[in-house]
Amino acid sequence: MVQSELVVRPSGDRPETQSSKLRDRHAHEGPSDHHDHHHRHDNVRPIESSTPSRPPTARPAVTLEEPTPVHPPSQPPPLPALAADAADSAAAGSDDGPSEPPEPPSSSRPPPARRQSLVASSNARAIKTLLASDPPATGPSTASDYFAGAPNFNASMLHRKIWVKRQNASATLVQIREDDLVDDVREMILKKYGNSLGRSFDAPDLTLRILPRDNNPKGKERTLGPEEEMCRTLDAYFPGGQTVHEALIIDIPIRARTPKPSPRVPQYYAHHDDSQNHVQTEYFPLMPIANQSPVPMAAASRVPLAQAPHSISVLQTGTLPPLPSPGGTRRTHVSRPKYPRQNTISPTGGVPQSATSNRPSQRVRQDSSASDKHSASGNPPIPTPPAPVDPNLRQNSTPPTPRVSSPKPRKERKKQKSIDTPSLPPGLLDNSVPPINVLIVEDNIINLRVLGAFMQRLKVRWQRAMNGKEAVEKWRVGGFHLVLMDIQLPIMDGLEATREIRRLERINSIGVFSSGSSEAPNTRLGDQGVDRDLKDDDKLGEKNLFKSPVIIVALTASSLQSDRHEALAAGCNDFLTKPVNFVWLERKVKEWGCMQALIDFDGWRRWKDFTNASDTTDGTSKLSTSYSSVAPRRGKAAASPTSSAPNGAGLSNANGTATKPKDDADKKSKRRSMGGIPPSLPEVDSAASTPDIDSGDN
Amino acid sequence: MARADSAKDDAGDRSDHEDHGGDIMKITGAKDSIDEATFEQILEMDDDEEEREFSKSIVYDFFTQAESTFEKMDSNLEKKDLKTLSELGHFLKGSSATLGLSKVKDSCEKIQNYGQKKDEKGEKDITEEDGLKKLETTIKQAKQEFHDVEKVLRKFYNDEQ
């Protein structure tokens, strides 16, 4: 027994060995079954010799499985002529291990072990069959015959794989031991379904149903008792082996833990509650409860299918009919739970959710789609189970969650909508943007103040530069995500400054990985090699602060097309015409800012942690709401934006520190008027509150 | 403007000569010289629609800036420094555009173009002489337009000395 176990293990994960086993068995059986039959033996030999790895493979089998290795592991000289014999004898030896003195040749095989696991197990298997008696290789006999099941047993008697599946899902193999009870099998199933079941159910919760074959006298399906011996039962039901179509069906208990279960799918709330909490604590501990919604949705959308496939899945996905009966038809998906598929089909589009942040990391596909779905607005309704989603969470998790099918959230939806409309004047200044650092390059103090005030309102940190030269200098300090660049500037104009920035980026190899890269047409490929040895003058400081090429948005007073082209050619990413329309400006800041915040995710994270820790209390939840609504668009950013109050606070804090245009004393009152800046905020704060982007020279 | 209107209606009790009710467009001359949408978005940033601290400070800064710029223009006109004049025109164009003072902005753009020895649209070349002549009249015109709009704005901020 022990030996066989060892033998089989290597092949344990290889379902395909079955066929090769048969082949091997055939090969082996010939010779060993009829030792006197030289003729037959000869037939076999070509096969053996054609697979030179065979003899070596025999050796590992022996050494592995031999509990009391009697023979020395190796005797150098291989006996090629006897390869076939050796293999057989090795196998035989392995089987009889302790009782029979092993044949020396077996251990003298040359070491290479290419097909080791394959052959080893098959050898063992073949031997088993031999020893067991002499069942014709043609297949199983009767159910009553103990060894009839051998083919299914994989010869090991100890390990075995059985097919299981969830209702309407694809079947999967679970490895069990020969003597496992149904109760043990449930444990294994939970391991296999670690996500969908394992997180919310204990083994005793599960029940297994067996569906007998049509012609089986035992009749209809029944639920297996925990005390039954799994393999015996299977053998009884499925003589000749269980096929994928005969997978045991896993049932999960119906529990209604939710306060307000929707009529259709009450029983699953327990599940998704659990999973969501679990996910949250495990992956995103910092996150506020607020953004959980997508997870429940995901969970809800996938779970109900298990038992109420039709109505629900249609509702939920809008399109996808439930996968009918998984089994053999979907072989390619065997190991994949069906849910992901469902979700990817569900509607997508619209504004991303902060909520994506909760995604459990291992279910990538599913989660991403969940977030997509979450954000879909114009699309078929995603009926989320109403209950567990806390309304104010909802609000934070941003707008476009269409929850048409469930009556509850409708109210919030309206609210979200108003928040969502990004650019209408009333809501304009309530929206917020990613925590980026903006450099405003503008020589006109009036414009500077207006733009600065607007940045202030957007809760964006900003600094100013009065000319192109200053702009380059400030940029070189690092940490800027966006530059609003006036084109006509004294000393060095905006185009020149842009070219210089791009040049420095290029020779410092900033952003050689992807990034936005619509910019700087003249960068990249350029003379990278030539510039290899940087002059010290050109060397930029901490690389951390230059995660990617900065986004430069030209502010052109002229509406001439040629000027715009010139700006783009110089390396600007975008442009705005003066007078700047604030709606547009906000959009640009958001668009580019989101992108940059994503690229500089780490820095942003740090910043966020910091601001979360800080005590400022000027945040409005609205801000963070729109904030989070923007971030997830890029997927990854979603992973942690979210927090509402802390964010707001942090934002406003950092924000207050933005550089103010230095006005004279007589303008103090104006300063107060600028977007509610804490008038006395010392410059130091800005450095303090932006550890990652400490630019120092405010 | 409808919005500003309604916001201001309850605060209408003012000592204005001309009760604009908080709507700058109701002030005589405003329509010609001010781009409503642009100016409105400046007003948008005021925390308090009574005080209008922010926009007022911006506008009054602009007054100062414009005055000093016109002075510089005058001196450079004497020096016949077209280039500087063009830059000054550009400079004032920027801020007047930001505030939506469209007439002033247009004149400043012309100044900028003439300073570059171009016609008013910046398309055709003109002679320096021609440019100087046009600059002189345009600067004068810009000043006038500025003073006009200044009055309107002062009215709006209830500050008429």
Side-chain angles (χ1 to χ4, degrees), chain A residues 423-430 442-458 466-467 486-491 493-494 555-560 562-563 576-586 661 663-664 666-677 679, chain B residues 1-4 6-7 34-35 37-66 68-69 83-84 86-102 105-106 108-109 112-113 116 118 121-123:
Chain A
S423 46
L424 296 182
L428 177 63
L429 299 175
D430 289 331
E442 174 61 80
D443 63 326
N444 191 313
I445 187 72
I446 302 288
N447 295 354
L448 187 62
R449 285 189 56 203
V450 171
L451 288 174
F454 190 69
M455 289 300 133
Q456 211 89 36
R457 292 302 180 94
L458 291 178
M466 297 290 279
N467 60 59
D486 189 17
I487 293 306
Q488 193 157 347
L489 294 166
I491 303 179
D493 75 20
L555 304 179
T556 65
S558 127
S559 50
L560 290 180
S562 59
D563 288 356
L576 285 171
T577 307
K578 290 202 260 185
V580 174
N581 179 312
F582 286 178
V583 173
W584 279 103
L585 177 58
E586 184 183 9
D663 287 340
D664 311 322
D666 65 339
K667 289 173 185 163
K668 260 186 193 141
S669 66
K670 292 165 196 160
R671 201 175 279 188
R672 262 193 296 133
S673 71
M674 283 180 58
I677 311 167
Chain B
M1 263 328 163
R3 227 172 36 74
S6 59
I34 297 177
D35 177 67
T38 308
F39 189 70
E40 184 67 16
Q41 73 179 5
I42 305 290
L43 294 183
E44 200 64 54
M45 287 198 280
D46 283 329
D47 291 323
D48 181 346
E49 294 191 359
E50 281 294 315
E51 297 295 319
R52 294 214 173 279
E53 267 185 287
F54 174 73
S55 65
K56 187 174 179 181
S57 74
I58 293 284
V59 167
Y60 278 59
D61 273 359
F62 175 77
F63 293 161
T64 314
Q65 186 186 80
S68 75
T69 306
K83 185 168 175 287
T84 307
S86 176
E87 284 170 7
L88 289 169
H90 171 79
F91 180 78
L92 199 59
K93 180 180 81 171
S95 43
S96 54
T98 295
L99 295 181
L101 311 182
S102 39
K105 182 203 126 188
D106 290 344
C108 288
E109 188 166 348
Q112 183 186 356
N113 289 331
Q116 289 168 337
K118 302 267 184 182
K121 299 211 170 155
E123 286 159 0

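All heavy atoms count here, side chains included; hydrogens, waters and symmetry mates do not. Residue numbering restarts at 1 for every chain, and letters A, B, ... go by the order of the sequence lines.
Note that CD1 of A:Ile487 is 9.0 Å distant from NE2 of B:His90, once rounded to the nearest 0.5 Å. Here the OH-CD1 distance, from B:Tyr60 to A:Ile446, works out to 13.0 Å after rounding to the nearest 0.5 Å. Taken from OG in B:Ser95 to CG in A:Asp443, the straight-line distance is 9.0 Å, to the nearest 0.5 Å. Here the CZ-CZ distance, from B:Phe54 to A:Arg449, works out to 6.0 Å after rounding to the nearest 0.5 Å. A distance of 9.5 Å separates CD of B:Glu44 from CZ of A:Phe454, quoted to the nearest 0.5 Å. A distance of 14.0 Å separates CD1 in A:Ile445 from CZ in B:Phe62, rounded to the nearest 0.5 Å.
With B:Gln41 contributing its side chain and A:Val580 its backbone, the two residues share a donor-acceptor pair below 3.5 Å.
Residues B:Lys93 and A:Asn444 form no side-chain contact, since every pair of their non-hydrogen atoms from C-beta on lies 4.5 Å or further apart.
Smallest separation of non-hydrogen atoms from B:Ala97 and A:Pro579: O-CB, 2.8 Å. Residues B:Asp46 and A:Arg457 approach most closely at C-NH2, 3.9 Å, considering heavy atoms.
Interface remark: B:Glu109 contributes no atoms to any contact with chain A (heavy atom separation under 4.5 Å). Proximity to chain A (any heavy atom under 4.5 Å) is restricted, for B:Gln65, to the side chain, taken from C-beta onward.
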(message) Is there a side-chain contact (heavy atoms from CB on, under 4.5 Å) between B:Thr38 and A:Lys578? Walk through the geometry before answering.
(response) CA-CA 10 Å; B:Thr38 308; A:Lys578 290 202 260 185; over 6 Å; no
